[in-house]
Amino acid sequence: MIMGPYWQGFKRSLVTYTRIPLKVDWSDDIKHVPAVCFLPWIGVVVGLLSAWPLWFDWPTPLQALFMLLTAVLITGGFHEDGLMDSCDGLVGGWDKEQRLEIMKDSRIGSYAALSIWFSLSLKWALLSELLTVIPDSFLGFIYTLSGWCLVHVIARFIPIVLMNTLDYVTMGQSKASSMIAKLDPSQWLLAVLPCLLIGVLAFNLFDLLVTFVLVAVLLFLMRLYLNKKIAGFNGDTLGASEQVGEIFVILCLLVSYS
């Protein structure tokens, strides 16, 4: 069956990157497309499921709060944890080895606490403002829903680029190592497809192109920073890049609709 490997890869990605209960056979002999290819598609799922507050006539700050809370519950704070660990290690460590060692520590330091507070606060403030500026109409609802999905789609495409353009570094055993894969052209197309399909719903063509260019600049800066700090990437920094991506895309949407 042609779709079999794709379905297997999607299920593995869904189970790995969300808390959605799904039975998966992890046998190596089962043909499957690498799970990381479906990260942007997981973003579609998270975006759709966490958009339920849009159906209620609530104040926009409350809608934004419950949308963010639902997204965190669906993913189990997977990426938020990476952000906190990364900020503790990258900012608090003096050299590569110490930074990686700090990221392995499960305790939360001051940089982690500051990063998660500012990250969630920024997302809540920007999303609240975005929900306010988009017209309250059926077309506005489509823009809001597609924009919210695009936030999660592009944010999850960013880690794929990093893992394919940087070296993987870690200390000791790591759960992330089994999920890292270098993609071939057809797998890249699979990962890019939701960015394009949902992007044309959320943005006009010019704003979409500008957003893609700005995301490319953001990726360039992330690569420079990670190369300087740890000469590569690990699972925590991938999670951190996703969180930065969410904030960045919400900001792009807000500028576009404003």
Side-chain angles (χ1 to χ4, degrees), residues 17 39 43 46-47 50-51 53 59-94 98-100 102-133 144 147-159 161-162 176 211 214-230 233-258:
Y17 300 113
L39 255 176
V46 173
S50 60
T60 53
L62 189 60
Q63 286 180 320
L65 182 63
F66 276 107
M67 289 168 72
L68 293 172
L69 175 60
T70 305
V72 170
L73 292 176
I74 292 172
T75 61
F78 186 77
H79 305 291
E80 287 79 4
D81 180 68
L83 173 67
M84 291 188 289
D85 287 341
S86 295
C87 287
D88 266 345
L90 296 177
V91 180
W94 290 100
Q98 188 182 34
R99 289 166 187 145
L100 292 173
I102 291 173
M103 281 189 257
K104 282 289 186 181
D105 194 332
S106 60
R107 290 171 295 181
I108 296 177
S110 57
Y111 295 117
L114 288 169
S115 67
I116 195 62
W117 188 88
F118 276 106
S119 173
L120 292 175
S121 296
L122 276 171
K123 281 194 283 187
W124 175 76
L126 291 171
L127 183 57
S128 297
E129 187 64 23
L130 178 64
L131 297 178
T132 301
V133 299
T144 305
W148 178 238
C149 287
L150 189 66
V151 167
H152 292 280
V153 168
I154 293 181
R156 285 164 173 78
F157 182 76
I158 289 174
V161 177
L162 292 179
T211 299
L214 292 176
V215 169
V217 173
L218 178 65
L219 272 163
F220 176 75
L221 295 175
M222 284 183 177
R223 291 184 72 256
L224 284 180
Y225 183 75
L226 291 177
N227 261 326
K228 179 181 178 181
K229 290 291 185 176
I230 57 174
F233 75 94
N234 61 5
D236 288 326
T237 54
L238 293 181
S241 70
E242 191 278 341
Q243 288 293 286
V244 173
E246 285 189 24
I247 296 171
F248 189 78
V249 179
I250 297 175
L251 180 60
C252 289
L253 284 165
L254 180 57
V255 171
S256 175
Y257 286 115
S258 297

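As the structure is a prediction and not an experimental result, all values here were calculated from the model.
- Taken to the nearest 0.5 Å, the CD atom of Gln243 stands 9.0 Å off from the OG atom of Ser115.
- Considering CG of Leu83 and CD of Glu80, their distance stands at 7.5 Å, rounded to 0.5 Å.
- Looking at heavy atoms from C-beta onward, Ile158 lies out of side-chain contact with Val244 at the 4.5 angstrom threshold.
- The minimum heavy-atom distance linking His152 with Gly47 is given by the pair CD2-CA, 3.9 Å.
- In this structure, Ile154 CD1 and Cys149 SG are separated by 11.5 Å, a value rounded to the nearest 0.5 Å.
- The two residues Thr211 and Cys252 come nearest to each other via the heavy atoms OG1-CB, 4.0 Å.
- The shortest heavy-atom contact between Leu68 and Leu120 is CD1-O, 4.3 Å.
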- [ ] Could you give me the CA-CA distance, side-chain angles and deciding distance for Leu162 and Leu238, then say whether side-chain contact (heavy atoms from CB on, under 4.5 Å) is met?
- [x] CA-CA 7 Å; Leu162 292 179; Leu238 293 181; 4.0 Å; yes
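- Side-chain contact between Glu129 and Leu126 is absent, with no heavy atoms from C-beta onward closer than 4.5 Å.
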- [ ] Output, in order, the C-alpha distance, side-chain angles, deciding distance and verdict of side-chain contact (heavy atoms from CB on, under 4.5 Å) for Leu122 and Ile250.
- [x] CA-CA 10 Å; Leu122 276 171; Ile250 297 175; over 6 Å; no
Open item on the list: Pair Met103, Ile230 - check side-chain contact (heavy atoms from CB on, under 4.5 Å), show working.
Closed with: CA-CA 11 Å; Met103 281 189 257; Ile230 57 174; 4.2 Å; yes
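- Nearest heavy atom pair, residue Ser258 against residue Val133, reads OG-CG1, 4.3 Å.
- Rounded to the nearest 0.5 Å, atoms OG (Ser106) and CE (Met84) are 11.0 Å apart.
- To the nearest 0.5 Å, atom CG of residue Leu226 and atom CG of residue Leu221 are 11.0 Å apart.
- The only member of Val255, Val151, Leu253 that meets side-chain contact (heavy atoms from CB on, under 4.5 Å) when paired with Leu130 is Leu253.
- Between Ile102 and Arg99, the closest side-chain pair of non-hydrogen atoms is not below 4.5 Å.
- Side-chain atoms of Trp124 never come within 3.5 Å of backbone atoms of Ala64 as a donor-acceptor pair (strictly under, hydrogens ignored).
- No more than 12 heavy atoms of other residues, nucleotides or ligands lie within 6.0 Å of CZ in Phe118, so this atom counts as exposed by the packing criterion.
- Contact annotation: the side chain of Leu90 approaches that of Tyr225 to within less than 4.5 Å [non-hydrogen atoms, C-beta and beyond].
- The OG atom of Ser86 lies 12.0 Å from the NE2 atom of His79; values are rounded to the nearest 0.5 Å.
- Contact between Trp148 and Ser50 at its shortest, heavy atoms only, is NE1-OG, 2.8 Å.
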- [ ] Given side-chain contact (heavy atoms from CB on, under 4.5 Å), test Tyr17 with Val46 step by step and report yes or no.
- [x] CA-CA 10 Å; Tyr17 300 113; Val46 173; over 6 Å; no
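- Residue Pro159 comes nearest to Glu242 through the heavy atom pair CG-CB, 4.2 Å, listed as atom of the first residue, atom of the second, then distance.
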